[in-house]
Amino acid sequence: MRQAAPIVCTLLLLGAGTAKAQGFNLKAPIATQPTLVTGVGQSADIEMVKVLLNRGKVVFKADPQAKAGALAATGSKSLVLVIGGSSKGLGAAGISAEVDIERAKGLVAEARKLGLKIIGLHVGGEGRRGQMSDKFITGAVPLCDYVIVVATGNKDGLFNQLCGKGRIPLDSVEKIANAGAPLLKAFK
Amino acid sequence: MELNRLHLSNRNLNLVLLAILVTVCVYVTPGYLAMRRPDALRQGPGVTRIAHLSDWFADIKGTAGDTDVYILDSGKPGGSALILGGTHANEPAGYMAAILMLENAVPLQGRLYIIPHANASALTYTDPMEGVPREFTLQASSGKRVFRHGSRATSPMHQWPDPDIYVHASSGQQLSGSETRNLNRAYPGRADGNFTERIAYAITSLIRKDGIDLTIDLHEAAPEYPVINAIVAHERAMPTASGAILNLEIEGVVMGLEPSPATLRGLSHRELGDSTATLALLMESPNATQGRLRGRTDEALILTGKDSQYVRGQKLGRLFVPYDEKGWPLHLRVARHVGGLQAIFTAHAMNAPERSIVLGGVPTYDELATKGLEPFL
Ligand SMILES: [Zn+2]
């Protein structure tokens, strides 16, 4: 740890540095803390986003199946959607893809009503694409105020298309670890 | 008269067959029995004590289930971790990673426990009808090293017969009878259970009595198996596993994250996480020798993972890992495990600094991937 932690931190910062040099498409922070992290598609990718937020010291609560009715009570000031389908995750939660999409849409509608900004992340790359995941992507991405995607998940430009050619700011990163920098920049 | 002659020739034939059978038995028995001789492992510079698993559960003392537990104690405050190799003795990257750790690691903070052959009985035989070699050889820096290659489950010589249906004791889950001898379906084990359940119980007892913070069970899987090149984690171990995967990604090693299914019982990542305070994790690497699509099964396949049938399987989209003519060599699979272990320890230290486990002397993923295992054994 004593040896590895500084290396890991340096690499994270280097990652952030490269991303900064390229410049993000999101020009100013949009989201307020604390945030609520939820899954759209119930994949384990939500765990990776929790690490990014933890390491960036963003204050958050996580509930993979957060529901609209309970949003106000969480005191959250923004919403993070971790997008990508997992049949295993849905199976373990005992819900269908359709039910999860409807839940996410209801949650987003409630967040809008409460004036919360919504950040969408797709960090699963190529493995989190295909018929099932794409349902969640096409359903959730157009509802976001800002989207971050790991590049291998956007080889066909689906995210650019869904973000309406610049209507929703979209940032693409090479690795999950690199998603930390733009994500942190999105928070005030 | 004629009948009599026929009778005689039958008798002669029987005698000839019997003689052939005896010759075959005499010829193969030394090799079969040799598998009961333990591999010679080098005691690394960090090993402070070699204990026996029976120290934590005396009932298995003197049985084929007892096995060595290497303890590497830094003498400095910190956390503790248990590495399990050889839960399945036909998954060599698992136990070779454990052996590489015990022969190289120097603990700088905390305590490390290593059981290279968690199911020692499974290492005493090879699966019938599989044609898998019973050993493989490495020209290591310390000289020629021969390592045994065993089976998935406890030897039927030590636990027999199998029931038609294996009922997991604490959940009532029903599996095929042969799973009765699978250590990774026996957790948390039973003091009065069968041979395999008692090994599991001894490991669970070690974790409880010595307050092990992290338990990592090292496995391999067939390339056509969906959970592969992945860390499987109990829900309490999720922050450790996801942190480790991020650390590995920064080093250029891609590892998947698999939550331990709540309904799949008897596995280390489920039961040890549920019934002890340890953070339970399991790692999988791709091993063609266990696969159903494999062709010729020899020592080279164990060491190189090169198999034209798997290259074909990849092209047909039947695999869950990339597979080309370069294969998946043993040293690369061990590199993933060793790199994974270090990434797990780093992530754990970031989450619980006072429970850090810090190791020196361990080759990095890149060193193992480029130089192979030989310089470190
Ligand atoms: Zn296994």
Side-chain angles (χ1 to χ4, degrees), chain A residues 1-16 18 37 39 42-57 60 62 64 82 84 86-94 123-128 130 150-153 173-181 183, chain B residues 76 78-79 108-110 226-227 229-233 235 237-264 317 320-322 339 341-362 364:
Chain A
M1 169 64 196
R2 288 274 149 77
Q3 305 153 310
I7 299 172
V8 170
C9 292
T10 313
L11 286 167
L12 276 172
L13 287 173
L14 277 176
T18 351
V37 188
Q42 302 303 314
S43 79
D45 294 343
I46 190 170
E47 299 296 333
M48 304 308 297
V49 173
K50 280 157 72 176
V51 180
L52 296 174
L53 292 169
N54 264 324
R55 290 189 181 175
K57 304 211 174 349
F60 71 94
V82 183
S86 157
S87 50
K88 260 190 241 172
L90 290 164
V123 297
E126 241 175 333
R128 222 47 104 187
V150 169
T152 53
V173 292
E174 290 308 309
K175 289 179 174 184
I176 303 173
N178 301 131
L183 180 59
Chain B
K76 296 190 190 93
L108 305 173
Q109 216 180 314
V227 176
N229 275 353
I231 301 180
V232 188
E235 46 275 19
M238 242 340 149
T240 314
S242 46
I245 287 166
L246 208 61
N247 296 347
L248 285 166
E249 194 204 37
I250 293 167
E251 292 174 48
V253 181
V254 176
M255 189 79 88
L257 179 61
E258 291 282 343
S260 166
T263 49
L264 199 51
F320 291 86
V321 283
L341 287 168
Q342 287 286 62
I344 286 169
F345 296 146
T346 303
H348 178 66
M350 290 169 100
N351 295 342
E354 71 290 352
R355 304 298 298 168
S356 293
I357 298 131
V358 184
L359 306 173
V362 181
T364 62

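Throughout, protein chains are lettered first and strands after them, A, B, ... in sequence-line order, and every chain is numbered starting at 1. Note: hydrogens, waters and symmetry copies are ignored here, and every other heavy atom, side chains too, is used.
The structure places CD of A/Glu47 at 9.5 Å from CD1 of B/Ile245, a figure rounded to the nearest 0.5 Å.
Taking all atoms of both residues into account, the shortest heavy-atom contact from B/Ile250 to A/Ala177 is CG1-CB, 3.6 Å. Of all the heavy atoms in A/Ile176 and B/Glu249, the pair that sits closest is N-OE2, 2.6 Å.
Looking at A/Val51 and B/Met350, their side chains never come closer than 4.5 Å, going by heavy atoms from C-beta outward. Proximity of B/Leu246 to A/Leu52: side-chain heavy atoms (C-beta onward) are separated by under 4.5 Å at one or more points.
Neither the backbone nor the side chain of A/Lys50 comes within contact range of chain B, judged by heavy atoms closer than 4.5 Å. If you measure heavy-atom distances from A/Ala92 to chain B, you find no contacts under 4.5 Å at all. Of the atoms belonging to B/Gln342, not a single heavy atom falls under 4.5 Å from chain A.
Of the listed residues (B/Pro226, B/Ser242, B/Ala233, B/Gly256), the one with the most heavy-atom contacts under 4.5 Å to chain A is B/Ser242.
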